[in-house]
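Take a look at the structure below.
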Amino acid sequence: DSGVTQTPKHLITATGQRVTLRCSPRSGDLSVYWYQQSLDQGLQFLIQYYNGEERAKGNILERFSAQQFPDLHSELNLSSLELGDSALYFCASSVKVAGGTDTQYFGPGTRLTVL
Amino acid sequence: DAKTTQPNSMESNEEEPVHLPCNHSTISGTDYIHWYRQLPSQGPEYVIHGLTSNVNNRMASLAIAEDRKSSTLILHRATLRDAAVYYCILRFISNFGNEKLTFGTGTRLTIIP
């Protein structure tokens, strides 16, 4: 158990709909990352928040947005869903270690199926 | 991000050592070498990281070439639970210290009972 929790575990919805994925980081971790894993794209970084502020953006679609709340949990909002959005969505949190690098701890993921 | 090259797949017998290679010829002096693994149906899991010297922890050992252009993750005694995709990732040092991970295709390790 990494200490990172994600809900829901599975989500099945229809095209055009909107969903919200939730992530609670490990206690004390200020950074939250979202990654998408699909069969044809592998693990792709979407977005990072640090202590409530957006820190970095990756290959995140305009239909997707995220936020990190004062209690440090994060939500990833996916709207106007398309079939191609079906994927595993992972959240990770991190702690900085000596020398400027860090270790990321991943949650169990949310499996999104768009029908 | 600097690029890493790993074999697509490897097989090993249970209870034998496994050496997973990674080439990173364009590594810069400020890049750390990180290894993560992803077990089936789970999120990625941190394994080990290093900069210049060889590193050991409870999960594995990391051997880094003297010129740092390659490294090897060593699982000393593979078990069936070690079957996973192993990712070698270069991460630059920053003052901030928390940066995204860039995953390649990794090495799919199969353990033969």
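Per chain, numbering begins at 1; letters A, B, ... match sequence-line order. Worth knowing before you read on, the calculation uses all heavy atoms, side chains too, and leaves out hydrogens, waters and symmetry mates.
Atoms OH and CG, on A:Y35 and B:L101 in that order, are 4.0 Å from each other to the nearest 0.5 Å.
The hydrophobic clustering, which links ILVMFWY residues whose side-chain heavy atoms are closer than 4.5 Å, places A:L88 and A:L81 apart. Hydrophobic clustering of Ile, Leu, Val, Met, Phe, Trp and Tyr side chains at less than 4.5 Å, counting indirect connections, unites B:M10 with B:L80.
Atom CZ of B:R108 has 12 or fewer heavy atoms from other residues, nucleotides or ligands within 6.0 Å. The number of heavy atoms from other shown groups lying within 6.0 Å of CZ (B:R68) is above 12. Heavy-atom contacts from other residues, nucleotides or ligands closer than 6.0 Å to CG of A:L39 number 12 or fewer.
Minimum heavy-atom separation, A:T103 to B:Y46: CG2-CG, 3.4 Å.
For a residue to count as touching a neighbouring chain, one of its non-hydrogen atoms must lie under 4.5 Å from one of that chain's; by this rule A:Q37 touches chain B with the side chain only. Neither the backbone nor the side chain of A:Y105 has a heavy atom closer than 4.5 Å to any heavy atom of chain B.
Without hydrogens or angle criteria, B:Y36 side chain to A:Q104 main chain gives a donor-acceptor distance under 3.5 Å.
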